[in-house]
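Every value quoted in this text rests on a predicted model; they were computed, and no experiment measured them.
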Amino acid sequence: MANKGPSYGMSRDIQSRIEKKYDDELEARLVQWIKIQCGSDVGSPDEQGRLGFQQWLKNGVILSKLINSLYPKGSQPVKIPDPPPSMVFKQMEQVAQFLKAAEEYGVVKTDIFQTVDLYEGKDIAAVQRTIVALGSIAVTKNDGQYQGDPSWFMKKAQEHKRDFSDDKLKQGKHVIGLQMGSNQGATQAGMTGYGRPRQIIG
C-alpha cells in the first residue's frame, strides 16, 4: 500500500490535476491556525509545500490534537498515544479516529478526506478542505473553543427558524401564491364552450 510505484498515462494525468488543486497560501494559514489552536508544541512542517504538510500530519497525532482542542477539557473525543504511533496501521488508525471525530463534530461526509489521501499523499488538497470545513464549523459554533482569527474561515449557513402564530397561518390559506399564477383579471369572454363542434365555413 505504502510502496506504490510511479503513475503512468491517465493515472499520471489525474494525479497531476489533483496536485494542482493544492493551495500553498491556504497551507500557511492552516499551519498558523493549527499552531494557535493546539499550542506551539505541534511544531511546523519541515518544508513548505504538499510533501512537508503531508509528513507533518501523516501520523494523525496533530490532527487528533486539533479536533480535541475544539472540545472542553475532559470531553475530548480522540485518545492520543504517547509516544506517537510509529507503525503504519497505528498511524492510519489515528487518522481514522480524527475523521470519525470530525464527522461527529459536524463536518459533512463530502468534506472529509480518505485516510489514503493523507497517508499515501493521494489528495492533500482534500486534507486541506477537511481542515477548512472544521475551522468553519468551529467559527460558526462560537462556543469559546476556537482560537485564532475568525475571518480565516467562513461561517456556515445556519437554520433560521420562523415561528408563525395560528392567525398568521390562517391568513396564508387565503392567499394564492404567485407561483400558481394569478386570478386577477381572468375572464372567459370570447371562449367557446367545451365540446362544441368547430364552425367550418364553406
Measure the CZ-CG distance between F53 and L118 for me, rounded to the nearest 0.5 Å. 8.5 Å

Side chains of S64 and Q97, donor plus acceptor under 3.5 Å: no

same_hphob_cluster(V61, L70) at 4.5 Å side-chain heavy-atom cutoff: no

Which residue in the set K58, Q54, Q91 passes side chain to side chain donor-acceptor pair (under 3.5 Å) when paired with Y119? Q91

Do I34 and K65 pass the side chain to side chain contact (heavy atoms under 4.5 Å, CB included) test, and can you show the C-alpha distance, the side-chain angles, and the key distance before you say yes or no? CA-CA 9 Å; I34 291 169; K65 285 181 178 179; over 6 Å; no

side-chain contact (heavy atoms from CB on, under 4.5 Å) partners of K90, counting only residues at least two apart: P85, M87, E93

Going by an N to O cut-off under 4.0 Å, is there a salt bridge joining R29 and E25? no

Single-linkage hydrophobic cluster, 4.5 Å side-chain cutoff, V139 and I137 together: yes

Member of I131, V95, L66 meeting the side chain to side chain contact (heavy atoms under 4.5 Å, CB included) criterion with L57: I131

Under 4.5 Å between side-chain heavy atoms, hopping through other hydrophobics if needed: is there a path connecting I62 to I36? yes

For residues 105-118, which residue pairs pass the side chain to side chain donor-acceptor pair (under 3.5 Å) check, not counting sequence neighbours? E103-K109

May I ask whether V42 and L30 are part of the same hydrophobic cluster, defined by side-chain heavy atoms of I, L, V, M, F, W, Y residues being less than 4.5 angstrom apart, directly or through others? yes

State yes or no: do L51 and Y22 share one hydrophobic cluster built from I, L, V, M, F, W and Y residues joined by side-chain heavy-atom distances below 4.5 Å, directly or via other members? no

Has the side chain of S136 got a donor or acceptor atom that lies under 3.5 Å from a matching backbone atom of M154? yes

Evaluate the criterion side chain to side chain contact (heavy atoms under 4.5 Å, CB included) for residue pair L134 and F98; output intermediate values, then yes/no. CA-CA 11 Å; L134 193 64; F98 159 76; 4.0 Å; yes

Can you check whether Q147's main-chain N or O pairs, donor with acceptor, with W33's side chain at less than 3.5 Å? yes

Within the structure provided, determine whether M92 and V116 are in side-chain contact (heavy-atom separation under 4.5 Å). yes

Given side chain to side chain contact (heavy atoms under 4.5 Å, CB included), test V78 with Q94 step by step and report yes or no. CA-CA 8 Å; V78 181; Q94 194 68 37; 3.5 Å; yes

Between Q145 and P72, is there a side-chain heavy-atom distance shorter than 4.5 Å? yes

Side-chain heavy-atom pair F153, T140 within 4.5 angstrom cut-off: no

Any non-hydrogen side-chain atom of I124 less than 4.5 Å from a side-chain atom of E27? no

Distance check, rounded to the nearest 0.5 Å: D23 atom CG versus Q128 atom CD? 6.0 Å

How long is the gap from CD on E104 to CG on L99, to the nearest 0.5 Å? 11.5 Å

Does the side chain of R129 reach to within under 4.5 Å of the side chain of D123, using non-hydrogen atoms? yes

